[in-house]
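Taking it in order: structure first as structure tokens, then the write-up.
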Amino acid sequence: MKSVFVTGSAAGIGLQTARDLLAAGHRVVLHARDEQRAAQVRAAVPTAAAVVVGDVSSLAQTRSLAAAANEHGPYDTIVHNVGIGSAAERAVTEDGIERILAVNVLAPYLLTALMPLPERLVYLTSGLESGGRADFADLQFERKPWRGMQAYSDSKLHDVTLAFAVARLFPAVLSNAVDPGWIKTRMGGPGAPDELPEGAETQVWLATADAAEVGFSGRYLKRRQSLRANPAAYDVTVQDRLLAACAQLTGEKFPA
């Protein structure tokens, strides 16, 4: 039995991931954005070990979420599933940070920094990472024109970059990025070609399979197959610049 923490698991791919893990006999801690969603997921998934609460668009709430999740640890695997999609207009959080960057990138970064490193880490990304840009001169679209889909693609590139940076800096941790595909969820829409179980299957495999199968790190996968990610994600300079930017925005550096 593995102990697994899944962020963004009150609905969609995250909830499916949690349900599949539980069905296979593993211990799972879920995460919901607020108390209302937490109550709903507790009722829907009564076998979960716990449901912790925190709106990851807020740095303060993400810190509290890390503390709450740590109370139910330690974990063999953490699946960083939480994320939001494109937006028609640029929005900022209570911390003054562009919202897509805050939720999709700073939240997994901060949780990684504040929680004991597990044996395995899984960071969800998207195939749109291929069109992402590592524009450290204007990460938050403060000067260039707003393009919601580009902001989302950038964030998904950053997620892969984060996974690869963790794999490089912490060789004892198996850290990988997963593209779940275009899945029928609230974010993916009803026209998406793939069903929820397909979107969760690779994460469940990475989280729980024997090390003989998943004893690798620093890979980008879809449907259990290793793919080549955006070349920027492999660039150590890009990795270090992303970590430095995240540290500056969150006030939290990675542990040595």
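These numbers come from the heavy atoms of this one structure, side chains and all, not from hydrogens, waters or symmetry mates. If you read the sequence from its start, that first residue is 1, and numbering goes on from there. Bear in mind the structure is a predicted one, so any value in this text is a computation, not a measurement.
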Taking [X] first and then [Y], would you say they form a salt bridge - that is, a charged N and a carboxylate O separated by under 4.0 Å?
X: Lys144; Y: Asp135; value: yes
X: Glu201; Y: Arg223; value: no
X: Arg168; Y: Asp240; value: yes

Subject >> Donor-acceptor pair, side chain of Tyr234 and main chain of Ala229, under 3.5 angstrom >> reply: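 Side chain of Tyr234 to backbone of Ala229: a pair is present.
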Subject >> Short side-chain to backbone donor-acceptor contact, Asp76 and Lys2, under 3.5 Å >> reply: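 Here the side-chain-to-backbone pair does not exist.
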Mind checking whether [X] and [Y] sit in one hydrophobic cluster, side chains of I, L, V, M, F, W, Y counted as touching below 4.5 Å?
X: Leu227; Y: Val178; answer: no
X: Leu162; Y: Ile78; answer: yes
X: Tyr109; Y: Leu169; answer: yes

Subject >> Euclidean distance, Lys222 NZ relative to Ser126 OG, rounded to 0.5 Å >> reply: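 With rounding to 0.5 Å, OG (Ser126) is 8.5 Å from NZ (Lys222).
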Original post:
About how many Å separate CZ of Arg133 and CD of Gln150, when rounded to the nearest 0.5 Å?
Top reply: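 The distance works out to 4.0 Å.
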Exercise: do [X] and [Y] side chains pair donor with acceptor under 3.5 Å:
X: Gln16; Y: Asp20; value: yes
X: Arg120; Y: Thr77; value: no
X: Thr125; Y: Asp159; value: no

**OP:** For Val204 and Thr17, run side-chain contact (heavy atoms from CB on, under 4.5 Å): C-alpha distance rounded to whole Å, both residues' side-chain angles, the deciding distance at 0.1 Å, then the answer.
**Re:** CA-CA 6 Å; Val204 172; Thr17 300; 4.0 Å; yes
Less than 4.5 Å apart, side chain to side chain, heavy atoms only: is that true for [X] and [Y]?
X: Arg63; Y: Glu252; answer: yes
X: His158; Y: Asn104; answer: no
X: Leu124; Y: Pro180; answer: yes
X: Ser155; Y: Leu101; answer: no
X: His80; Y: Val122; answer: no
X: Val29; Y: His31; answer: no
X: Leu221; Y: Asn176; answer: yes

Validation: residues 42-60 side-chain donor-acceptor distances under 3.5 Å, sequence neighbours left out:
unit_1, atom_1, unit_2, atom_2, d
Arg42, NH2, Val51, O, 3.1
Asp55, OD1, Ser57, N, 3.0
Asp55, OD1, Ser57, OG, 2.8
Asp55, OD2, Ser57, OG, 3.4
Ser58, OG, Ala60, N, 3.3
Ser58, OG, Gln61, N, 3.0
Ser58, OG, Glu94, OE2, 2.7

Subject >> Close aromatic pair by centroid cut-off 6.0 Å: Phe164 and Tyr220 >> reply: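 Not close enough - the centres of the two rings lie 6.0 Å or further apart.
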Original post:
Does NZ belonging to Lys253 count more than 12 external heavy atoms closer than 6.0 Å?
Top reply: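 Open: at most 12 neighbouring heavy atoms sit under 6.0 Å from NZ of Lys253.
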Original post:
Counting only heavy atoms not in Arg27, do more than 12 fall under 6.0 Å of its CZ?
Top reply: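 More than 12 within 6.0 Å, yes.
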Original post:
Applying the side-chain contact (heavy atoms from CB on, under 4.5 Å) test to Asn230, which of Thr161, Val238, Leu157, Val160 qualifies?
Top reply: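 Exactly one option meets the side-chain contact (heavy atoms from CB on, under 4.5 Å) with Asn230, and it is Leu157.
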**OP:** Any chance you could lay out the side-chain hydrogen bond (donor to acceptor under 3.5 Å, both in side chains) test for Tyr123 and Thr112, step after step, and finish with the verdict?
**Re:** CA-CA 10 Å; Tyr123 296 86; Thr112 303; 2.9 Å; yes
Subject >> Derivation and outcome, side-chain contact (heavy atoms from CB on, under 4.5 Å), residues Phe141 and Asp154 >> reply: CA-CA 11 Å; Phe141 286 78; Asp154 292 354; 3.7 Å; yes
Subject >> Where Ala107 and Val103 come nearest, the two heavy atoms and their spacing >> reply: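 Looks like CB-O, 3.3 Å.
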Original post:
What is the ring orientation for Phe216 with Trp205, classed by angle as parallel under 30°, tilted 30 to 60°, or perpendicular over 60°?
Top reply: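 Geometry flag for Trp205 against Phe216: tilted rings.
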